[in-house]
Amino acid sequence: MYYRFSPAELSFLTEYASTMNPISKALNILQGEVDVHMGWLVPTITLLTVKLDRLKTSKFCQPLITDLQEGIQWWLGELLADPKLIAAAILLPKFRTSWTSNEDLLKLGKSFKRLLN
């Protein structure tokens with residue numbers, strides 16, 4: 001027997017895939033076995049939250065997006081403000097300061113970097 005998805009189901013599945021795509025990419029990056037350093041953590045999670053913010057106009061997945069963001073903040077919130085991890089991100093040529101526009105966060109990482117010198 002052949003079943004077809006209704007237009008509403010297709011819309012939901014499309015939106016769900018769009019919502020979970022940044023999550024799966026971030027996990028793939030952070031689970032990498034080659035060339036992944038602690039400096040990747042803060043930029044990857046920061047960019048993930050930016051991408052999830054852009055999806056907040058979602059019709060079906062709004063509760064999922066909210067829960068994902070709250071879970072990220074609950075699990076990783078303290079790490080995202082850790083001066084060592086911010087400095088590690090700034091020291092990687094791939095990221096430097098391009099991953100955030102939060103000047104206070106960058107100052108925190110740069111001040112920690114100066115302490116190391």
Side-chain angles (χ1 to χ4, degrees):
M1 190 168 242
Y2 184 112
Y3 295 100
R4 294 185 184 179
F5 289 115
S6 71
E9 290 170 328
L10 286 174
S11 294
F12 168 76
L13 289 173
T14 302
E15 209 172 276
Y16 180 80
S18 297
T19 300
M20 295 308 290
N21 187 33
I23 298 287
S24 66
K25 285 183 179 180
L27 287 173
N28 284 342
I29 289 168
L30 295 175
Q31 292 179 38
E33 295 180 12
V34 180
D35 293 329
V36 176
H37 310 280
M38 285 304 291
W40 285 69
L41 179 65
V42 176
T44 301
I45 299 303
T46 301
L47 294 173
L48 172 61
T49 57
V50 167
K51 289 177 183 178
L52 289 173
D53 278 340
R54 290 183 189 147
L55 295 171
K56 279 215 168 192
T57 59
S58 171
K59 181 179 178 183
F60 300 107
C61 294
Q62 180 59 42
L64 174 62
I65 294 167
T66 301
D67 286 347
L68 287 169
Q69 289 179 317
E70 288 174 2
I72 289 168
Q73 191 59 41
W74 188 79
W75 281 99
L76 302 172
E78 290 180 22
L79 291 177
L80 298 178
D82 185 335
K84 294 176 198 169
L85 294 176
I86 297 166
I90 292 171
L91 289 170
L92 283 177
K94 177 174 181 67
F95 297 115
R96 299 267 183 226
T97 59
S98 65
W99 53 274
T100 185
S101 59
N102 184 340
E103 289 298 321
D104 293 334
L105 201 62
L106 293 174
K107 285 179 187 176
L108 184 64
K110 288 176 182 177
S111 66
F112 185 81
K113 189 174 100 173
R114 278 189 221 110
L115 291 175
L116 295 176
N117 291 334

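We number each residue from 1, following the sequence as shown. No hydrogens, no waters, no symmetry mates; every other heavy atom, side chains included, goes into these values. The shown structure was predicted, so the numbers you read here are calculated from the model rather than taken from an experiment.
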Task: Residue pairs passing the side chain to side chain donor-acceptor pair (under 3.5 Å) test where at least one lies in residues 61-70, sequence neighbours excluded - done: D53-Q69, K56-Q69, Q62-T66

Can I get a per-line list of side-chain donor-acceptor pairs under 3.5 Å for residues 76-87, giving both atom names and the distance, sequence neighbours left out?
unit_1 : atom_1 : unit_2 : atom_2 : d
D82    : OD1    : K84    : N      : 2.9

TODO: With sequence neighbours left out, write down each residue that passes side-chain contact (heavy atoms from CB on, under 4.5 Å) with A26, or none if nothing qualifies.
DONE: T44, L48

Task: Partners meeting side-chain contact (heavy atoms from CB on, under 4.5 Å) with L13 (sequence neighbours left out) - done: F5

Open item on the list: Is there a continuous path of hydrophobic side-chain contacts, each under 4.5 Å between heavy atoms, that joins F60 to L68?
Closed with: yes

Open item on the list: Between L64 and V50, is there shared hydrophobic-cluster membership here, with clusters defined by ILVMFWY side-chain heavy atoms closer than 4.5 Å?
Closed with: no

Task: Same cluster (ILVMFWY, side-chain, under 4.5 Å), L30 and L52 - done: yes

Task: From OG1 (T46) to CZ (F95), nearest 0.5 Å - done: 10.0 Å

Task: Q73/T49 under side-chain contact (heavy atoms from CB on, under 4.5 Å): CA gap, chis, key distance, verdict - done: CA-CA 9 Å; Q73 191 59 41; T49 57; over 6 Å; no

TODO: Could you name each residue pair satisfying side chain to side chain donor-acceptor pair (under 3.5 Å) that touches residues 11-23, not counting sequence neighbours?
DONE: E15-S58

